[in-house]
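Everything numeric here is computed off the predicted structure, so don't read it as measured data. Here is how names work: the chains are called A, B, and so on, in the same order as the sequence lines, proteins then strands, and each is numbered from 1.
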Number of protein chains: 2
Amino acid sequence: MPLMSPDAAGQRYQLFSATAMPQATAFLWNKSMLVQLNCRGYATAQFMQPEPAKYAHAPNLEAKTFMQPEQPYYAHHPGRFVYVKDQDSGELWSVPYEPVRKPTASFVFSAGAADICWQLELSDDLRLEWRLTLAPDAPLELWQLRVRNLGTATRRLSLYPYFPVGYMSWMNQGGRYEPALQAVVCSSVTPYQKYPDYFKQKDFKDQTFLLAERAPLAWEANQQQFEGEGGLAAPDGISATMLSNGCADYETPACALQYDVVLSPGATELYRFVFGPARDQAEIAAIRQRFFGPAISAATDGFTAAVQAYRAQQAAITPAIQISTPDSGLDNFVNQWLPRQVYYHGDVNRLTTDPQTRNYLQDHMGMTYLAPDVARTALLTALSQQHQSGEMPDGVLLHMDAQLKYINQVPHTDQCVWLPLFLRAYLDETNDWALLDEQVGYKEVEADASTVTEHLHRAMAWLWQKKDARGLSYIEQGDWCDPMNMVGYKGRGVSGWLSLAAAYALNTWADLCENRGEIQSENRGEIEQAADYRAKAAAFNQAVNSYLWDGQWYGRGITDDDVVFGISKDPEGRIYLNPQSWALLSGAASPAQQQALLQAVDAQLQTPYGVQMLAPAYTAMRDDVGRVTQKFPGSAENGSVYNHAAAFYLYALYQVGEADRAFQVLRQMLPSDDEAEQRQRGQLPVFLPNYYRGAFSQYPRTAGRSSQLLNTGTVHWVYRCLIEQLFGLKGEGKGLRIAPQLPAHWPQATVTRRFRGAVIECSFSRQAGINASQVYLQNQLLSDNLLPEIQSGRIYRLRVLLPL
Amino acid sequence: MPLMSPDAAGQRYQLFSATAMPQATAFLWNKSMLVQLNCRGYATAQFMQPEPAKYAHAPNLEAKTFMQPEQPYYAHHPGRFVYVKDQDSGELWSVPYEPVRKPTASFVFSAGAADICWQLELSDDLRLEWRLTLAPDAPLELWQLRVRNLGTATRRLSLYPYFPVGYMSWMNQGGRYEPALQAVVCSSVTPYQKYPDYFKQKDFKDQTFLLAERAPLAWEANQQQFEGEGGLAAPDGISATMLSNGCADYETPACALQYDVVLSPGATELYRFVFGPARDQAEIAAIRQRFFGPAISAATDGFTAAVQAYRAQQAAITPAIQISTPDSGLDNFVNQWLPRQVYYHGDVNRLTTDPQTRNYLQDHMGMTYLAPDVARTALLTALSQQHQSGEMPDGVLLHMDAQLKYINQVPHTDQCVWLPLFLRAYLDETNDWALLDEQVGYKEVEADASTVTEHLHRAMAWLWQKKDARGLSYIEQGDWCDPMNMVGYKGRGVSGWLSLAAAYALNTWADLCENRGEIQSENRGEIEQAADYRAKAAAFNQAVNSYLWDGQWYGRGITDDDVVFGISKDPEGRIYLNPQSWALLSGAASPAQQQALLQAVDAQLQTPYGVQMLAPAYTAMRDDVGRVTQKFPGSAENGSVYNHAAAFYLYALYQVGEADRAFQVLRQMLPSDDEAEQRQRGQLPVFLPNYYRGAFSQYPRTAGRSSQLLNTGTVHWVYRCLIEQLFGLKGEGKGLRIAPQLPAHWPQATVTRRFRGAVIECSFSRQAGINASQVYLQNQLLSDNLLPEIQSGRIYRLRVLLPL
């Protein structure tokens, strides 16, 4: 039996052990919340009000100044558990695994698109299913517990849903059961000290509730009372016959309910709950009414309707491609999970009110393939916050109360780069050139609005201007690499990567200007401007070749004190991936340089878990590079397999026709079929993580371990590569250009591509005796491998023959 | 057997159960750190660099924005534990109680002045002692484990000191055993994002180590590896024969060591450890050398020398009084613990670099009785930060990098009040009138320095000026009651309490001006100024009587919108304690008003656990009063038995001769002999807590529960009351005035009082047939009960006769 696998229909992903990959997670979201559940039942959930907030809290306030010795020092992280006690034998389990950790006869942690569930056989004759769905439109968790007696004897059980709420607030916290609501309601006041915050916070959802469809036999709202000396593995509350119906008064609250049930052979019982934050009891009463009030129809009730609505919402995410290849693991991921993760980013912008500009633009580059209208609006939103100078802000404000926070208060110089890259993808996919004529204002409210084209011209001018006498781009306190904050903080340091990225951006914009001039005769003037942009791009490339080519690869930058780094004489941080990738994209690298740098990447950055972002990982602060060097070696930007960087490399490899190398990079983003490797990564292939641990040669024990972070710019580039490069089904002004780069070991594949309202069904196969690929539409060979004049609503069936 | 008691010598306080009062704590401090240990082994420790920092961390970062799903969601709070495994039986305990929670044959948690220890008999024949002392001069914990076999059979044990270090940092954390140091060293980088913080933080002590005198058999530096699926109650690491010698690489570190020992009957083994923060391994090596290097002499080694030095440091705190009364519980507290807690405050200023001005002045008012030089310097420090306008800042900066933080960024209007109150105590105790002539500068560096007297004049002028047309003091965003922040945020609201406190401050300063004029003939002019101050005080009193006397008691203030609050028509916050106390002090209350308000306090604020600060506690936000009303009812300022306020009341009661009422207030600050009451309070009488839970009528279940917070302005007033009022041994210009106010039920008492270098031994007894107290020095009746012309170094024996 494998450790994990998709289900038979391929629509769910299943893990069969609670202990093999204890950090493995799945996630659900809606417009107002995100919940990430791990396979053992722990949960991290956030909702927006408008900033991210928690409704179940970590156990203790890690504050540097306040001491809270009155509050119990208790144990466990928030989770969603059910204790199950056999009244006759006294045997005790907890569902799904924590806190009791008693092994079950069988265990399935099953991630779906619209729900996450556990299917357990506690003993041979007792089956439990514990399932989470979200409300479609509110930060509410909808839980269902189904208990079935598979045996031949009657079972007498006590069931205790246990939802810890944690240490809510030092100002005010408590909890009690409200009979009228049939809910444990935990209340708090979000702490603050300055009175203006009172007005900001007074409508916060500071209550957390567990609402039950069926009236419980007993309850407990006091965490310490529940746990007692028995501890979470054998709580005193559960050792007793009945929970004590306690409340929490400036004590740590918790939501525990008790149901005693007599289960005849074959009988099933269903219990349903809603868990989440609310502003007050009136809101909870309305929620009760909505989910557990009178049935909507004979066939459905409020709870079921919400479950169906959420499922429908998720099902409405229409993938741009559906694939069938020799690699079933890849198929499952690309068909079921990748578009979902791409859509998640664009749908809720990582649950922040001030996404970093580069993230925001790349997240919506991905949205181009799934919801182009959303992507279009996002570009206009971003541009409306551009400065007249052309400079893009470090973050995009999405709410009227939003502010630039955390890393967005540190000046980075790459934000303009992402505009033409977004546009290239967007225009290729949609052919919506009218976007360039939209009028958009500037950050400076007094400034006149101008066209998107003009905004782009200014952005490119800004990139061109922010360079030093050598012609290299200033880095200030960071570029794409946020924590590379001390290369240029004195105002002189430059970024090799950014110089190449600027060249690529300029070339991309030049391409767009040319395309536009060709498509729209009234914009022929743009073609001349394109030549100027190309010249500027060439100047960047030349400067990089002059100052940063290290013989076998490109250096990463030059510090304030004129030290080139990321080069062969550096004992740590000797080679960085990004400059190599972007030199391929920008055209800086000659064919000889390309071969050299590819070999350098293979030799120094390649690992069994993917390609590292730099190597060797820094083990000590380098204070002319910055904070990146202080991160733990092999974690995050300090030499992990940082998938966003790997995705750039992937895209670049396809640009230079390195199809097999590219496929390897792609495939290493996912676990293989090897169980040892699966355990090492420790994550389910239901999303691509921000990174896998790197520093492979320095820390082999931990290399490959997943960060479990599902926010990452990786997915948009990977999706784009799959669509436009691997399967080569890329849009352009005239239609769909078919230029696949299947890996050499694939004999065939089929893809269904949604494109501009049409459906293109495409089968690829190898054919002896041809030197170039051939594309047939209904047996008709397409000229230039272009499917022209695509009509929305039509289905096209293409047959693509590839050389052996 | 009692639940708790002092030891036979009265120098330690002992608790005999790990479960009866699970939050009971004791604390140790030195100039650079504080550690508060609870009876079950959990610890909260802070050290200064210069801001408070932690070296053992809570399990998880409760951040609103970062998600860290890669890090294990693990369980327990920092603590200092030893697992003990019987190799033959497999039986497992943990010392002192957590995490295994296995009951022991006997349990003693014993607080001393210079150490905290547990004495346990695990089984009948295995005794363990686990003892913490601090280094005298560094943030280092010195631990000793002594194991003794009391039985007749050889015992084979495995001992595992286990010091969890917690989730240190998302930037970088790890841990490994360093053989050369014989230490587990856990390292981290304090997180930051802006490069200037790098320079501020780069010398932080970001390593946490457990240094062992004896080489361990094995070790574990990886928390998750140590714990495994067994959980903290039965860690996998301990179930194995040997710890796995693991390390933590961007994983949560921990310090676990293993010692296997064969213990013959009667044999004892001693293990010693140092635990704390360090900047780097060189520092740890130096610490190893200091504590476990070559012996200093045949009799002592570095570790022992440090233990002795710390003990000597604590022993050097010389109490102002030593008492023997009919109340042995009070004696123990006053002799052993109260001066220690007073000294702690003045010694380290609550481990902050910007103590609130009112706290700083009151903390040093207490220091007057123990270390008057320290108190003197503190006053000068505070005045050097006064504005030329007379206004005192909200906090006093004690370090050149310090900034006003948190609550000190909110404007409060009471800071000037505390200056004359401090001076009254200081001058009475020391007669150091030269202090008033010291030259001190102002916050505005360009301002000329002036005398302390002039600083006080300006402060009093500022208090006088900050009043409205009614003659009541503006409250702005708070007075003594920090969270009363919305009474006056619009600029109009006034504080009744502050108006009374201003009156009391003005009268006190008038007294000082007069005293000075009498003592120093060149300052006779001050006497005239005194009259002016008294007139101003009277004006404040009159305004309060006009606008805030509610018939039976004084209201608390008048809001921005002209609503008087703290009065009989308020359903919540109907009566506040402070205005009543300070009306007694300021002279605002006539005799009839005094009787009325005392009865109102008795009827509405008195509880078995002390006198509440207000009642009924607020249960909902009152947005014209502020944040105080949002705190949980009965907690902190919202109607707890807030001991600082109770201490004001205590002081006021003595001022009006209410000796028996006063004694009741005093005695209720400590647990009684009643075990049920002890459990309810849940704290050891080794310090006075910030508050006991109030809202007695609303939340009787939790009323009386200790906050366990040892930072409180309470203790200075209590100590002052004991010295100057209860035992009536108060200094003044001419000497020591004896005016005791013993409770009526005390037949006698003896006190040794240290005063201006002399020792006054004083015995009190009741005598029939006298109407006023009489004081005899060697059988000579003292005129006016004044002991004049006290000579340093002399011992005076006084006999005080009190009426029956």
**OP:** Could you please spell out the steps behind the side-chain contact (heavy atoms from CB on, under 4.5 Å) verdict for A:Tyr250 and B:Arg705?
**Re:** CA-CA 11 Å; A:Tyr250 199 48; B:Arg705 189 181 292 179; over 6 Å; no
Original post:
Do A:Asp206 and B:Gln630 pass the side-chain contact (heavy atoms from CB on, under 4.5 Å) test, and can you show the C-alpha distance, the side-chain angles, and the key distance before you say yes or no?
Top reply: CA-CA 12 Å; A:Asp206 273 352; B:Gln630 288 183 291; over 6 Å; no
Original post:
Between B:Tyr699 and chain A, which part of the residue has a heavy atom less than 4.5 Å away: side chain, backbone, both or neither?
Top reply: side chain
**OP:** Select one option (side chain, backbone, both, neither) describing which atoms of B:Ala248 are under 4.5 Å from chain A's heavy atoms.
**Re:**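 The backbone, not the side chain.
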Original post:
Checking A:Ala703 against chain B: side chain, backbone, both or neither under 4.5 Å from a heavy atom?
Top reply: neither
Original post:
So what's closer than 4.5 Å to chain B heavy atoms on A:Tyr198: side chain, backbone, both or neither?
Top reply: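 Side chain only.
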Show the nearest heavy-atom pair for residues [X] and [Y], with the distance to one decimal.
| X | Y | value |
| --- | --- | --- |
| A:Asn172 | B:Phe632 | OD1-CD1, 3.1 Å |
| B:Ser635 | A:Met171 | OG-O, 4.5 Å |
| A:Tyr192 | B:Asn485 | CE1-ND2, 4.4 Å |

Original post:
Residues two or more places apart in sequence or in another chain: which of them pass side-chain hydrogen bond (donor to acceptor under 3.5 Å, both in side chains) with B:Arg622?
Top reply: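 B:Arg622 satisfies side-chain hydrogen bond (donor to acceptor under 3.5 Å, both in side chains) with B:Asp570, B:Asp624 once adjacent residues are dropped.
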**OP:** Go through the structure and list residues passing side-chain hydrogen bond (donor to acceptor under 3.5 Å, both in side chains) with B:Asp394, not counting sequence neighbours.
**Re:** B:Gln415
Subject >> Reported OH-to-NZ distance for the pair A:Tyr195 and B:Lys490, which is rounded to 0.5 angstrom >> reply: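 Interatomic distance, A:Tyr195 OH to B:Lys490 NZ, rounded to 0.5 Å: 9.5 Å.
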Original post:
Looking at B:Ala636, B:Cys247, B:Gly174, B:Gly230, which has the largest count of heavy-atom pairs under 4.5 Å with chain A?
Top reply: B:Cys247
**OP:** Among the options B:Arg701, B:Lys631, B:Met621, pick out the one with the most heavy-atom pairs lying under 4.5 Å from chain A.
**Re:**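 Heavy-atom pairs under 4.5 Å are most numerous for B:Arg701.
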Original post:
Hey, which of A:Asp482, A:Asn690, A:Asn638, A:Thr702 has the most heavy atom pairs under 4.5 Å with chain B?
Top reply: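 Top option by heavy-atom pairs under 4.5 Å: A:Thr702.
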Original post:
Which residue out of A:Gln683, A:Lys194, A:Lys202, A:Arg627 racks up the most heavy-atom pairs below 4.5 Å with chain B?
Top reply: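 Greatest number of close heavy-atom pairs with chain B: A:Arg627.
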